[in-house]
Amino acid sequence: MLTRKQYELLLFIDKRLRETGVSPSFDEMKEALGLRSKSGIHRLMTGLEERGFIRRLPHRARALEVLRLPENLTPAPAPARRPSEGFAPTVIKGDFRLPGHPIAPGSHVVPLPLYGKIAAGTPIEALRDHSRAIDVPALLLGRGDHYALEVEGDSMIEAGILDGDTVIIQRTETAESGTIVVALIDDQEVTLKRLRRRGQSVALEPANPAYETRIFGPDQVKVQGRLVGLLRRY
């Protein structure tokens with residue numbers, strides 16, 4: 001299961017190879033996907049490579065090969081064409097809410113990767129299970145890349161986040177003070193807390209008086225995403 005950004009990048013690479021025979025540069029990929037840094041492109045390409053969609057050819061700069069396309073994509077043939085003509089892929093199903101990617105009639109959900117459980121209490125290591133996915137209402141999502149996490153713990157109950165909920169996270173490396181974020185602590189622990197900036201320090205606040213606010217140095221906490229939605233089963 002590809003994320004929307006992985007899907008978009010794969011189509012962009014395939015389109016450029018068909019048009020020119022040359023792989024796009026990282027700067028071109030970054031601009032096409034609207035990302036701020038090349039590190040995001042590196043992560044997306046690694047994901048595509050791990051899933052067997054692309055291969056990086058050794059000893060050649062900017063050399064990529066598309067091994068396969070998603071099952072829901074029918075590639076257009078490569079007929080003889082004038083230089084001014086382009087390649088237009090035909091998407092026969094799927095809901096990726098991207099310009100140029102038609103949405104199947106009656107489709108109102110987007111598949112997101114479900115990365116496992118995140119602690120809303122004592123931090124635990126996030127699970128990266130790429131084999132699991134969840135269908136999410138498209139209206140919960142904005143622009144950018146998203147993923148889902150299962151909540152474990154009760155430290156955010158006063159923010160309306162309960163044990164067993166599924167939170168929808170927009171992938172980002174920055175967040176304003178007061179935002180509920182997925183925070184990576186010392187590159188080892190991951191937790192869901194409200195971010196507060198206090199001078200040079202970073203506070204991770206729970207939404208339950210039974211838990212204490214934890215204070216860290218500016219280099220100890222990395223934002224991995226911000227909360228944009230929540231799903232709950234009754």
Side-chain angles (χ1 to χ4, degrees), residues 3-6 9 26-27 29-31 33-47 112-130 132 134 136 140-232:
T3 66
R4 294 185 303 137
K5 282 296 184 184
Q6 287 172 341
L9 179 60
F26 274 48
D27 284 328
M29 296 180 198
K30 179 169 65 74
E31 182 177 352
L33 270 66
L35 298 180
R36 294 182 179 180
S37 68
K38 295 180 184 178
S39 62
I41 296 297
H42 280 285
R43 287 194 296 269
L44 293 173
M45 289 186 62
T46 297
L112 294 184
L114 181 61
Y115 282 163
K117 293 184 178 180
I118 184 170
T122 303
I124 60 174
E125 182 179 359
L127 302 177
R128 288 297 185 98
D129 183 358
H130 294 287
R132 302 177 65 194
I134 185 173
V136 175
L140 288 180
L141 307 179
R143 297 187 63 83
D145 199 9
H146 296 74
Y147 59 92
L149 291 166
E150 296 175 353
V151 174
E152 185 173 70
D154 61 358
S155 74
M156 298 300 290
I157 57 175
E158 293 189 0
I161 303 171
L162 309 183
D163 182 48
D165 286 347
T166 298
V167 289
I168 310 304
I169 305 298
Q170 181 184 46
R171 197 185 301 274
T172 180
E173 296 178 357
T174 61
E176 296 181 356
S177 184
T179 303
I180 296 177
V181 302
V182 174
L184 175 64
I185 304 169
D186 292 329
D187 292 323
Q188 295 181 347
E189 303 172 336
V190 178
T191 189
L192 184 71
K193 292 291 182 292
R194 192 177 300 278
L195 178 76
R196 297 287 186 188
R197 304 191 186 279
R198 301 180 177 180
Q200 295 299 313
S201 299
V202 176
L204 297 179
E205 296 180 350
N208 183 336
Y211 294 84
E212 294 183 352
T213 296
R214 302 175 68 189
I215 308 296
F216 299 92
D219 297 328
Q220 290 182 274
V221 176
K222 297 178 183 177
V223 174
Q224 305 238 295
R226 67 182 187 92
L227 178 71
V228 297
L230 182 147
L231 301 175
R232 177 174 300 153

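Remember, predicted model here, so these are calculated numbers, not experimental data. These numbers come from the heavy atoms of this one structure, side chains and all, not from hydrogens, waters or symmetry mates.
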Taking the side chain as everything from C-beta on, heavy atoms only, tell me whether Ile185 gets closer than 4.5 Å to Arg214. yes
Could you report the tightest heavy-atom contact between Thr213 and Ala203, atom names first, then the distance? CG2-CB, 3.8 Å
Suppose we screen for side-chain contact (heavy atoms from CB on, under 4.5 Å). Which residues come up paired with Thr179, at least two apart in sequence or across chains? Ala175, Glu176, Val181, Arg226
With Ser39 via side chain to side chain donor-acceptor pair (under 3.5 Å) - residues at least two apart: Ser37
Are the side chains of Val151 and Thr166 in touch, meaning some heavy atoms are under 4.5 Å apart? no
With rounding to the nearest 0.5 angstrom, report the CG to CD distance, Leu141 to Gln170. 9.0 Å
Going by the rule salt bridge (Lys or Arg N to Asp or Glu O under 4.0 Å), which residues pair with Glu150 if we only count those two or more places apart in sequence or in a different chain? Arg132
List the steps and the verdict of salt bridge (charged side-chain N to carboxylate O under 4.0 Å, His left out) for Asp145 and Lys5. CA-CA 6 Å; Asp145 199 9; Lys5 282 296 184 184; over 6 Å; no
Show, in sequence, the C-alpha distance, side-chain angles and deciding distance for Ile157 and Leu162, and conclude whether the side-chain contact (heavy atoms from CB on, under 4.5 Å) test is met. CA-CA 5 Å; Ile157 57 175; Leu162 309 183; 4.0 Å; yes
Which residue pairs pass the salt bridge (charged side-chain N to carboxylate O under 4.0 Å, His left out) test with at least one member in residues 33-42, sequence neighbours excluded? Asp27-Lys38
Are Leu114 and Tyr147 close enough that some pair of their side-chain heavy atoms sits under 4.5 Å apart? no
Pairing residues for Asp219 by the side chain to side chain donor-acceptor pair (under 3.5 Å) criterion, not counting sequence neighbours: none
Side chains of Ile215 and Val202 in contact at under 4.5 Å (non-hydrogen atoms): no
Keeping the roles fixed (side chain from Asp163, backbone from Gly153), state whether a donor-acceptor pair exists under 3.5 Å. yes
Before giving the answer on side-chain contact (heavy atoms from CB on, under 4.5 Å), spell out for Gln6 and Met45 the whole-Å C-alpha distance, their side-chain angles and the decisive distance to 0.1 Å. CA-CA 8 Å; Gln6 287 172 341; Met45 289 186 62; over 6 Å; no
Strictly below 4.0 Å, N to O, side chains only: are Lys193 and Glu205 in salt-bridge contact? no
Residues that Leu230 engages under side-chain contact (heavy atoms from CB on, under 4.5 Å), provided they are two or more places apart: Ile161, Asp165, Val167, Arg232
Within 6.0 angstrom of Lys30 NZ, more than 12 heavy atoms from elsewhere: yes
With sequence neighbours excluded, what pairs up with Arg194 under the side chain to side chain donor-acceptor pair (under 3.5 Å) test? none
His146 and Arg4: side-chain hydrogen bond (donor to acceptor under 3.5 Å, both in side chains), yes or no, with the steps? CA-CA 8 Å; His146 296 74; Arg4 294 185 303 137; 3.1 Å; yes
By salt bridge (Lys or Arg N to Asp or Glu O under 4.0 Å), Arg197 pairs with (sequence neighbours left out) none
Val223 vs Leu195 side-chain heavy atoms within contact, under 4.5 Å: yes
Show the numbers, then the answer: is there a side-chain contact (heavy atoms from CB on, under 4.5 Å) between Val136 and Leu231? CA-CA 8 Å; Val136 175; Leu231 301 175; 4.3 Å; yes
What I'd like to find out is whether the side chain of Leu44 reaches to under 4.5 Å of the side chain of Leu33, using heavy atoms alone. yes
Could you tell me which residues satisfy side chain to side chain donor-acceptor pair (under 3.5 Å) with Ser201, sequence neighbours excluded, listed by chain and number? none
Can you sort out the partners of Asp186 under side-chain contact (heavy atoms from CB on, under 4.5 Å), two or more places apart, ordered by chain and number? Gln220
So if I apply the side-chain contact (heavy atoms from CB on, under 4.5 Å) rule between Gln224 and each of Leu149, Ile118, Leu184, Thr172, which one comes out positive? Leu184
Which distance, rounded to the nearest 0.5 Å, do you find between the CD of Glu189 and the OG1 of Thr191? 8.5 Å
Can you sort out the partners of Ala207 under side-chain contact (heavy atoms from CB on, under 4.5 Å), two or more places apart, ordered by chain and number? Met156, Glu158, Ala159
Calculate, to the nearest 0.5 Å, the distance between atoms CZ and NE2 belonging to Phe26 and His42 respectively. 4.5 Å
